[in-house]
Every structure is written in structure tokens, then in C-alpha cells.
2 protein chains.
Amino acid sequence: MARSSLTRDEVLDAAASLVKQRGPAALTMRGLAAALGTAVTSIYWHVGNRESLLDALVERTVQEMGAISPVGRTPAERIESVARILRRELRERPHLIAMVHERGLTERMFLPAQQALVHEVHAAGLRGARAADAVRAVQFQIVGFLLVERNRERSPAQSPAESELWDPAAAPDDPALARALARPADPERLFLLSVRALVTALLTAPPQGARTGP
Amino acid sequence: MARSSLTRDEVLDAAASLVKQRGPAALTMRGLAAALGTAVTSIYWHVGNRESLLDALVERTVQEMGAISPVGRTPAERIESVARILRRELRERPHLIAMVHERGLTERMFLPAQQALVHEVHAAGLRGARAADAVRAVQFQIVGFLLVERNRERSPAQSPAESELWDPAAAPDDPALARALARPADPERLFLLSVRALVTALLTAPPQGARTGP
DNA sequence: ACCTGAACACCGTTCAAGT
DNA sequence: ACCTGAACACCGTTCAAGT
């Protein structure tokens, strides 16, 4: 039986729930129609085609990523809190984030966070081009880390596992290092450690980064 | 007309060239068969199915990413050179790298680089768990940055461009910052700047990163 | 051992036709 | 304005049949 009235929002809701539960590949026009109890072609009337449907879904996700409210006393602490907030929000929508990324909208999704970062970097005393570099470096690091982390979680056990590499000659005189690398990484700890290290360096380094030695 | 003898390697070569030129989506079994001048079903005999074909392709890419030979005088310089080398290699195979990533093998592809990083971090005097953290932090940063960078290149102009955001009230008292953020980022420069900053901090920071203020 | 065409069950999309 | 089924051109994959 035909439904009385199908709205664009209903279509988007159903599509979002499909993607959230079973990933973007599970979102087929026919499957979506079945879930909605309509003919496939009705969907086309409301959203155009599959591509625009995904666009609309992504657009929604971008909107949902609201403003960022940093917490902490120092700029470094507040930047770290921005990173923490972003990580939490992204981990709640893994599939949708992947779609945002695939569609090249990652940058756009991060505009609110970028504004927060600008404010904090400014508060830390950085100005002009150097402040812009710091903002972008942190932004790239956060996004990049989360992409890598997501990838790790999805991937099955790596074929020649790290353990295989880390008993023999690779780290000859540091068994503790070998053991640490054989263990799985703790992503949250590594994330915060990385952000903290980068931020520390960016907020204290000289304008022109010519100093590389210890 | 049927070909005299089709080999698995020929199939992989043709598939790799298709992917390299026109992306993974352009790799259809039928299209591949046409490019090879065989029946579709012959391909199945040699590589099983599309999934295993992609696996084999990815496996090849992983193998091609050879050993890393760092250059430079200080450990920091040599780590930076590892980053530079990886960036160059990955940028030569954008599609294949994306496939490696999608298949969750990024980590595995980076094992040679990881070994090089271990060596340099050790040379810088770091030991045990702290050395492992440093290696992983740098590794995540490099991979993450390259994923984000690739995404930026592919993406069309972002809808509300950064310029739209960066003339009004966002950076009220730093027009130079606003101008810098309105300009497109120089990825190579940003990449090296980020790696340098992170490495500097990791090689000099105290064991427990409790210090976050300036 | 290797290759083939026919056939199956899926896709996304279009279109003329309904109300 | 909204919904429908039929049809088209694509997929990946299987299978019985060839040599």
C-alpha cells in the first residue's frame, strides 16, 4: 500500500539510520524504498538521485557538528579540549564522517573548530601568518589522527602483525621498546599526547622553524 | 579472438593501470576483461573475484613501498627526511594509497618507515615506552596529514569558502591572520612545519607530558 | 589447466502513466 | 504535486560446457 505522504526529511532520516547502522554501502535506493514502504521512484522525486541524497546526508552531518566550547585555563589546555571534543563527536558518527571525508568536506565541517582554535592561538600570543600556521597544523593533526584511528579500528588483524616484526633484530638493545610496539596502541592516550606535544612546540617555537637538532 | 595465454600478473598489471589512471571505481570486471581482450570469466579463474583482485593490488603496492633510507645529521633531521620520503612515495600513487587505507592496511604499509623511525628515536636517546609513543605519534601524524592533504586536493572548492568566514568578526584584531587563513594552505610547507614541531617536542619533552602551559 | 557464453540477482536511473 | 511499475543499461558472480 502506498504511504499517505512521504517527505524529504523522512527519506533523509531513513537513509541516515541505514548508514549509521550498516554503513554507506548498505544504502541502496531499493533498500531505502523498502524501508520506507514506497516505490523506488518516489525517492527520486524527493532527493533527485543517490548522489544528491548522500550530499544532503553529509550536509546534515556538517550542520549537526555544532559550535565548540573549549574548557581549561591555559590556551594549550583549551586547544587540547577542542581536540577532545572533536574526537568524541566524530567517533559518534564514524560512517557519516567517512562520507564527509570522501566528499571532500572535512575542511568545511571543521570551520567551527577552526574558529575556536584561532581564538586560542591568538590568546597564546601568536599573530599573523604564524598563528595561521599553528591553527592549520593543529587542525590537520586532529583530523588526520582521527582518520587513521578509524581505519585501525575497522581493519582486521594486520597480516604480518607488529609482533612478528618486533621480536627479532629490529630493536636490538631496547626490549622495552619492542614490547611496547608489540602491544596495541591506546589511541586516546596517543591522541592527547600527540596534540599536547604539537601544541607545546607551536606555541613556543621561534617564527622560522630552522632549529631541528636537540 | 581469445588470447593465447593470460597470466595472473597480466591481470594485475592491467588492473593497476586502470586504477592508476581513472580510480578504483573505474575498475570493473567487465571493463578489465575488455582491456585485456578476454572473457570476464577468465579473470575470475586467475584472481578469484573482485575483492581478491583488489587485495592483490593492495598487496603489490605495499611491497613496492620499499625500505626507507633517512638522510641528515641529527635524528630530528633524519626523521624529517623519512616524512619527506613517505610523502613523495604516497603522492605518486594516490588511488592505490586510498585503497590501502580503505582496506585497513595503512599500518602494515608503514612498517619499513616504522623501523626507520625506531632507529632514529633511539639515536635521539629515547627508550622504552616513551620511544614507542614517539614513534607512533610521528607515524600517525604523517599518515594522517597525507590523508587529509589528499582529500583537500580532490575536493572541489569548499561551499562556504574560508574567505567567507575570514573577513568579518572571526579574527577581529588580527587582519594578517585572517588574510593568511583566507589564502590556500601550502601543504608541503605545513607538513614539514608540523612534523618538525612535533618531533622537536617529542624528543625534548619530559616523560610524563603534564606540562601544557607556555 | 584454462577459457567461454549464458544466466542470475543485483544495482541506479529514466520515463510515460497514473492520481 | 506526488507516486507508480516497467524498462534500460549497467554491475559481480556462478555454472555448465568447451578445449
Side-chain angles (χ1 to χ4, degrees), chain A residues 1-60 95-96 98-100 102-104 154 156, chain B residues 1-60 95-96 98-100 102-104 154 156:
Chain A
M1 181 203 292
R3 311 177 78 259
S4 54
S5 76
L6 181 66
T7 66
R8 184 185 152 90
D9 269 341
E10 278 179 298
V11 174
L12 292 184
D13 285 342
S17 122
L18 263 178
V19 167
K20 196 157 196 168
Q21 290 171 34
R22 297 162 44 209
L27 177 61
T28 67
M29 301 301 271
R30 283 174 163 87
L32 181 57
L36 284 164
T38 44
V40 205
T41 40
S42 304
I43 299 176
Y44 282 84
W45 196 91
H46 283 287
V47 299
N49 55 22
R50 187 171 190 270
E51 199 64 12
S52 342
L53 171 58
L54 292 180
D55 282 342
L57 235 50
V58 161
E59 183 62 27
R60 249 199 190 185
H95 292 310
L96 287 168
M99 284 169 54
V100 170
E102 279 161 21
R103 303 183 108 60
R154 241 192 346 173
Chain B
M1 183 201 294
R3 312 180 75 260
S4 54
S5 76
L6 180 67
T7 67
R8 185 184 152 89
D9 268 342
E10 278 180 298
V11 175
L12 292 184
D13 285 342
S17 121
L18 262 178
V19 168
K20 196 158 197 169
Q21 290 170 35
R22 294 162 44 208
L27 178 60
T28 68
M29 302 301 268
R30 285 174 162 87
L32 182 55
L36 285 164
T38 45
V40 204
T41 39
S42 304
I43 299 177
Y44 281 86
W45 195 91
H46 283 287
V47 299
N49 54 23
R50 186 170 190 269
E51 199 63 12
S52 343
L53 171 57
L54 292 180
D55 282 341
L57 234 50
V58 161
E59 183 62 29
R60 248 199 190 185
H95 291 311
L96 288 167
M99 284 168 55
V100 170
E102 279 160 20
R103 303 184 109 59
R154 240 192 347 171

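Atom set for the values below is all heavy atoms of this structure, side chains included, hydrogens, waters and symmetry mates excluded. Order of the sequence lines fixes the chain letters, A, B, ..., with proteins taken first and strands second; residue numbering starts at 1 for each chain.
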Round to a whole Å and report the spacing from CZ of A:Arg8 to P of D:dC2. 13 Å

Strictly by salt bridge (Lys or Arg N to Asp or Glu O under 4.0 Å), give each pair with a member in residues 33-44 of chain A just once, sequence neighbours left out. none

The criterion is side chain to side chain contact (heavy atoms under 4.5 Å, CB included); which residues satisfy it with A:Asp9, sequence neighbours excluded? A:Thr7, A:Leu12, A:Arg60

Decide yes or no for B:Thr38 and B:Leu32: does some side-chain heavy atom of the first lie under 4.5 Å from some side-chain heavy atom of the second? no

Taking every heavy atom of A:His95 against every heavy atom of A:Pro24, the minimum-distance pair comes out as ND1-CD, 3.9 Å

Does any part of the side chain of B:Val58, heavy atoms only, come nearer than 4.5 Å to the side chain of B:Leu96, both counted from C-beta? no

Whether each nucleotide of nucleotides 8-19 of chain C has a protein heavy atom under 4.0 Å at its base (B), only at its sugar-phosphate (S) or at neither (-) is summarised, 5' to 3', as ---BBBBB----

Would you give me the side-chain donor-acceptor pairs under 3.5 Å for residues 41-49 of chain A, sequence neighbours excluded?
residue	atom	partner	partner atom	Å
A:His46	NE2	A:Leu6	O	2.9
A:Asn49	OD1	A:Glu51	N	3.3
A:Asn49	OD1	A:Ser52	N	3.0
A:Asn49	OD1	A:Ser52	OG	2.5

Do you know the tightest heavy-atom contact between B:Met99 and B:Leu57? CE-CD2, 4.1 Å

Inter- and intrachain pairs under salt bridge (Lys or Arg N to Asp or Glu O under 4.0 Å), touching residues 14-39 of chain A, at least two apart: none

So what stems show up for DNA chain C if we need 3 or more Watson-Crick or G-U pairs in a row, all under 3.5 Å? C:4-8 with D:12-16, C:12-16 with D:4-8

Rounded interatomic separation in angstrom, taking CD1 from A:Ile43 and C1' from D:dT4: 13 Å

Side-chain N or O of A:His46 closer than 4.0 Å to phosphate OP1/OP2 of D:dC3: yes

